[in-house]
Each structure stands twice: as structure tokens, then as C-alpha cells.
There are 2 protein chains.
Amino acid sequence: MTASNLPAGSDTPDRVTREERRRRTEATILDAARELFAEQGFERATIRAVAARAHVDPALVMQYYGNKEGLFAASARWQVDHTRLAAASLADVPLTALEELFAAFEDPVMRDSAVALLRNCLTHESALGIMRDDVMCEPQAMIAKTIGGPDAELRAGLLGAAMIGTMIVRYLLEIPAVATASREDIERIMAPVLKTLVDPDT
Amino acid sequence: MTASNLPAGSDTPDRVTREERRRRTEATILDAARELFAEQGFERATIRAVAARAHVDPALVMQYYGNKEGLFAASARWQVDHTRLAAASLADVPLTALEELFAAFEDPVMRDSAVALLRNCLTHESALGIMRDDVMCEPQAMIAKTIGGPDAELRAGLLGAAMIGTMIVRYLLEIPAVATASREDIERIMAPVLKTLVDPDT
């Protein structure tokens, strides 16, 4: 039975409300999951703890996402728009790539997702897959194209390595000098250094 | 009763043999533990699997190391001699630091320990502690001293970040361009880049 078969004013408003309510509950669960996967890592975060933080029944989390793998897949996403990076000149690639990463890690919506992915990428197969394919290889291919020449892929890979290392040291290992520095100071120091990586003739 | 109280030739050779046997069993267990912590990570590696790989009873592993934490602490160590790094000139710091890290990750004895530490440093408290204090902060302080000036600590921290990122991308995430490159090609490309990080006036 579809909504159009129903008498007006009977089920329809109720159904909309129920859908809206489910949408909000899902968002609350995913926020709680992102926080816990970011703080504790996949293995130690439990469905029970996610449910408690979201103020829902654990059975509801299971009903929506099946299991912890499903919950992780739904919560830890990487959606970065590479339009600016694809259009950047060789000289602008390092700063643009740095700004893109910082934006993800300092955006209030993206941050937990980014940390959850990074936290788990060395010990969890699907986090590793997203980190390798979406975070590293996709922008790397664009950057290699801009670099050109025989070492292009390796130089683009090493650029990604230096940047992901900076995020790990700043947001996860929290090495004091790097964790307490301003984003602007890191960009001021790293952008010219990474310029010599993408263009050794500068 | 001490060995000197015993009649010559009774317990002494036996006791030496028993100690030697225990030493060998411990080494076998620690090798197996390093391999499994490196391959599977702390959470998924089990005492049972370590015992099976070492061909010993799980009870013996518990008797020697108490629990999985004790086994991890005994097996994942970081012992790098920084003599060359401490003596390096500013211009030589990047290549010396890179050579030191590559030596750890490509040495047949150190390798499993290094990968086990790196694999677990984002999700396991004591691995994070070793990574922060022994792998990062100790050489970072030396390098900052060689760099000098107002940004010394931050530049040394970013050098460490770029290098640890390279190891993660090469040995753990296995991003093709960086994982398949020769160590020499990475040193050739990264050393001059990192020189501009430690000495922006070059």
C-alpha cells in the first residue's frame, strides 16, 4: 500500500514523522559511533557503548546496521571535494593539499570521521581500504598528473606520506611541538618544503 | 641452596642447560609474538596463537609474561643507537635520520618489532607511549638542538612526522608507488626536501 492509496490525513503525516524520527535517530547513532571509533578504536568501541552514548537501545543499533562492521562502514566516511586540488598549479599543489586535509580534520562535522578513519587504518581492514584508496591514492593520481615526469607517482606518494604523517603526529600521537602549533605555522613551514618535493627545480 | 653448595658435577651443568633452554624458549615466544603483533595488531593477536606459532603451551606464555600486555611490552621494543644522529651536521641530519629509520624497518631482527610498534601505536596505549617518547621525542630533541632558532622544535617535529608517514605508507598502508620504490630512490628524493625543512636557508 502506498501513500496515495490512503485516505488523506490518516497515515501520511504520521509516516513522515516516523521517517524523520528515524533519520534523526540514525544521525545520533552515527555521531556517537564516530566519536567512540575515533577515541577508542574499532576493537574496544562496543555497540553497547555507542547505544548508551546515543541514548538508544543496543538492539536498535543492531537493527539499523547489522553489526559493528556495518556501523563502522556507515559512520567512518571520507568525502572530500578535490575540485581545487585538481585545478591547482604545480606550485600551488602542496598548500592546496594541506588546506584540504586540515579542513577535514578541523571541520566540526568531518573531524570525528577523519580521526576514526586514521585511528583504525593500521588495524582494521575497511579503514585501511578507505585510507589507501580514497584518502591517499585518489588525490595522489591527480597530483602525479600535475607533477609529470619519471618520478611523478613516487613524489606524489611521498607528498601524501608527509602530509598523513603530519596529521597522525598532530591529532593522534599528539607530539607537543606539532600538536600545539597553529595550523598557519605548519602551513608556512611545510608548503615551501613540499614545493621542493613536487618540483625539485624550484 | 646456591650452586656453590652443591657437589661439583651434580646440579650445575643441568641448571645451566635449564637456563639456556628457558632463554631459547623465551626468544622463540618473543619472535612469534612480534610477528603476530606486527601482522594482526594487539587486539586480534591471542596468547593462544602466539603459543601455537612458538610450539609451546599457552600456559607457559602466561607463566613467563603474565598476560598479553606483559608479552607486548617484552616483545615490541625500540632500541636505536642515535650516536650518528647526535653527531650529524645540520646538512646531514635528514639523510642520517632516514637511514636510521630504514635500518630499523629493514633489519631482519628489528623489523617485526618496528612494524609491531607502528601497527599498534594508534590504538594501544603502551605502543603509543613508546612511539611518542622513544621513536619521536628522543631524536626530535637532538635534531631541534642541531637546528636551533625559534622554530627548531616544530621543524624537528615535522621532520619526524614526514619520516614516520613515509614508513607507515611504505610498510603498513603499502601505497604502491612508495612500497615498491627502492630505499635509495626514497632517500635520493626525500633527503634534499627534508634539508629545506631543517635549514630553510639552503
Ionic contact status for A:Arg188 with B:Asp151, cut-off 4.0 Å: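 Judged by the 4.0 Å cut-off on N to carboxylate O distance, B:Asp151 and A:Arg188 do form a salt bridge.
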What part of B:Leu154 lies closer than 4.5 angstrom to a heavy atom of chain A: side chain, backbone, both or neither?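 Contact with chain A: backbone and side chain both.
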How many angstroms lie between atom CG of A:Leu172 and atom CZ of B:Arg132, to the nearest 0.5 angstrom?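 Between atom CG of A:Leu172 and atom CZ of B:Arg132 there are 11.0 Å.
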With a 4.5 angstrom heavy-atom cut-off, is it the side chain or the backbone of A:Leu197 that approaches chain B, or both, or neither?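 Both backbone and side chain.
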So which part of A:Ile168 gets closer than 4.5 Å to some heavy atom of chain B, the side chain, the backbone, both or neither?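 Interface part for A:Ile168: side chain.
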Which of A:Met190, A:His124, A:Glu174, A:Arg170 touches chain B most, by non-hydrogen pairs under 4.5 Å: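 Result: the option with the highest number of such pairs is A:Met190.
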Looking at A:Leu173, A:Val169, A:Asp185, which has the largest count of heavy-atom pairs under 4.5 Å with chain B?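 The option with the most such pairs is A:Leu173.
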Might you point out which heavy atoms bring A:Ala177 and B:Gln140 nearest each other, and give the distance in Å?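 Nearest pair, atom of A:Ala177 first, then B:Gln140: CB-NE2, 3.9 Å.
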Grab the two heavy atoms, one from B:Val178 and one from A:Leu158, that are nearest each other, plus how far apart they are.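 Closest pair (atom of B:Val178, atom of A:Leu158, distance): CG2-N, 4.0 Å.
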Is there any residue in residues 24-46 of chain A with a non-hydrogen atom under 4.5 Å from a non-hydrogen atom of chain B, and which ones are they?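 When heavy atoms of chain B are the reference, residues 24-46 of chain A contributes A:Gly41, A:Glu43, A:Arg44 within the under-4.5 Å range.
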Would you mind reporting whether B:Ile175 and A:Cys137 have side-chain heavy atoms less than 4.5 Å apart?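 In short, these two side chains touch, coming nearer than 4.5 Å.
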Within the structure provided, determine whether B:Thr123 and A:Leu122 are in side-chain contact (heavy-atom separation under 4.5 Å).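 Contact flag for B:Thr123/A:Leu122 side chains = no.
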Can you tell me which residue among A:Val198, A:Leu159, A:Val193 is in a side-chain contact (heavy atoms from CB on, under 4.5 Å) with B:Val193?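 Running side-chain contact (heavy atoms from CB on, under 4.5 Å) over A:Val198, A:Leu159, A:Val193 with B:Val193 returns exactly one hit, A:Val193.
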